[in-house]
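See structure below.
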Amino acid sequence: MKRLFVLSACLLLLAACGGGQVRRISEPTASIQQLTVGEDGNWSIELRLQNYSSIPMRFEGLRLDLAIAGTAAGTLEAAPALQIGGESVDIKTLELVPSAPARLAIADALAAGRGVSYVLEGTITAAPADRGGAREYRVRRPGSLTPAPGLPGVLR
C-alpha cells in the first residue's frame, strides 16, 4: 500500500511539472525565396522571414544590404509589422532598384540559365509578440538563386 502511495505521489508531481510552454527566443533570419526582374529592370524580392523562437515574434523592422555575385545590389529596408508564430515563416515582398552591376549579374545569369550567389547582411528588429522590448538581431545569410524553369525573369 505504501509503495502504491509513493508511486501515485511521484506521478502527481511529474504531471504538475509539465504543461508549460518553454519560452526559447532564438535569432531570426532572412533569405530570398524569389527574385523577379520587372520589365523596367527593377526587382521584386520575396523575402522569407524565419522565426526560430518557440514563441510568436513581432518583426518590426529590417535593414539588409544585398550583394549579388559579390557586387552590392542595394539595401532592403522595411517595417513589416508581421507577427510570425513560433518556429514558423512568413514572406514579405519588397521592391528594389538594383545597382547597374548587380542588374547585369542577374541578367547574365538568366541569359545563361545558371545560378548566382547572394549575401544578405544587416539587422532584423523583433520582439516577443506578448511583450515590448524589441531587439536588433545581426544577420549574415549567404545563399544562391537559380532561374525558375518556365518563368522568365524569375530566380528562386
Side-chain angles (χ1 to χ4, degrees), residues 4-38 40-99 102-103 105-106 109 115-149 151 153-156:
L4 183 60
F5 176 74
V6 171
L7 182 59
S8 295
C10 287
L11 288 175
L12 187 61
L13 283 172
L14 280 174
C17 291
Q21 180 184 15
V22 175
R23 291 179 58 93
R24 178 182 41 79
I25 297 177
S26 301
E27 293 186 8
T29 192
S31 59
I32 296 177
Q33 182 162 310
Q34 181 170 297
L35 186 153
T36 304
V37 179
D40 59 0
N42 294 337
W43 301 346
S44 176
I45 296 174
E46 291 182 17
L47 193 65
R48 179 182 171 96
L49 298 170
Q50 177 77 46
N51 176 17
Y52 287 110
S53 299
S54 64
I55 60 172
M57 297 286 282
R58 264 187 348 268
F59 283 66
E60 297 180 354
L62 60 90
R63 181 176 169 77
L64 301 167
D65 294 325
L66 172 61
I68 297 287
T71 302
T75 300
L76 300 171
E77 197 165 5
L82 289 174
Q83 181 171 310
I84 302 175
E87 299 175 358
S88 296
V89 171
D90 207 340
I91 306 297
K92 177 71 177 172
T93 302
L94 302 170
E95 303 301 317
L96 180 67
V97 178
S99 68
R103 190 179 298 208
I106 289 292
V116 64
S117 64
Y118 74 86
V119 176
L120 288 170
E121 189 164 8
T123 58
I124 295 175
T125 305
D130 60 354
R131 296 187 204 167
R135 181 178 156 207
E136 273 192 359
Y137 294 91
R138 297 278 319 145
V139 173
R140 185 175 194 293
R141 179 71 182 241
S144 61
L145 297 165
T146 55
L151 298 173
V154 175
L155 296 108
R156 292 186 174 155

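Scope of the values below: all heavy atoms of this structure, side chains included, with no hydrogens, waters or symmetry mates.
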**Request:** Indicate the atoms forming the closest heavy-atom contact of Thr71 with Ser99, along with that distance.
**Result:** CG2-OG, 4.4 Å
**Fill in**
Quick note, salt bridge (Lys or Arg N to Asp or Glu O under 4.0 Å) partners involving residues 86-96, not counting sequence neighbours, are Arg24-Glu87
**Item:** Close side-chain approach of Arg48 and Thr29, heavy atoms under 4.5 Å
**Value:** no
**Request:** For Ile25 and Ser53, work out which heavy atoms get closest and say how close.
**Result:** CA-OG, 3.4 Å
**Prompt:** With respect to Trp43, which candidate in Leu66, Leu94, Val97 satisfies the side chain to side chain contact (heavy atoms under 4.5 Å, CB included) definition?
**Reply:** Leu66
**Request:** Nearest 0.5 Å please: distance from the OG1 atom of Thr93 over to the CD1 atom of Ile45.
**Result:** 10.0 Å
**Fill in**
Value for CD1 (Ile55) from CD1 (Ile84), rounded to nearest 0.5 Å, stands at 13.0 Å
**Message:** Tell me the closest heavy-atom pair linking Ala134 and Glu60, and the distance in Å.
**Reply:** CB-OE1, 3.1 Å
**Fill in**
Taking every heavy atom of Ala72 against every heavy atom of Ala102, the minimum-distance pair comes out as O-CB, 4.0 Å
**Message:** Minimum heavy-atom separation for Ala109 and Val116, please, with both atom names.
**Reply:** CB-CB, 4.1 Å
**Fill in**
Distance col, row Glu46:CD vs Gln33:CD, nearest 0.5 angstrom, shows 6.0 Å
**Request:** Give a yes or no answer on whether the side chain of Ser44 reaches the backbone of Thr36 with a donor-acceptor pair at less than 3.5 Å.
**Result:** no
**Item:** Side-chain (Ser117) to main-chain (Ser144) donor-acceptor, under 3.5 angstrom
**Value:** no
**Message:** With a 3.5 Å distance limit and no angle check, can you tell me whether Arg58 reaches the backbone of Arg131 through a side-chain donor-acceptor pair?
**Reply:** yes
**Item:** By side chain to side chain donor-acceptor pair (under 3.5 Å) - contacts of Glu136 (at least two apart)
**Value:** none
**Item:** Thr123 OG1 to Leu62 CG distance, which is reported to the nearest 0.5 Å
**Value:** 8.0 Å
**Request:** State, with a plain yes or no, whether a side-chain heavy atom of Pro98 is found less than 4.5 Å away from one of Asn42.
**Result:** yes
**Request:** Nearest 0.5 Å please: distance from the CG atom of Leu120 over to the CD1 atom of Ile32.
**Result:** 5.0 Å
**Complete:** Closest heavy-atom pair, Tyr137 versus Met57, reported as atoms and distance to 0.1 Å, is OH-CE, 4.1 Å
**Leu145 vs Arg156 side-chain heavy atoms within contact, under 4.5 Å** = no
**Fill in**
In this structure, CD of Glu77 is separated from CG of Leu64 (nearest 0.5 Å) by 9.5 Å
**Asked** Can you check whether Val89 reaches Gln50 side chain to side chain, under 4.5 Å on heavy atoms?
**Response** yes
**Check: Asp130 and Arg23 side chains under 4.5 Å, non-hydrogen atoms** = yes
**Message:** Just so I know, are the side chains of Pro28 and Asn51 near enough to count as touching, which here means a heavy-atom distance under 4.5 Å?
**Reply:** no
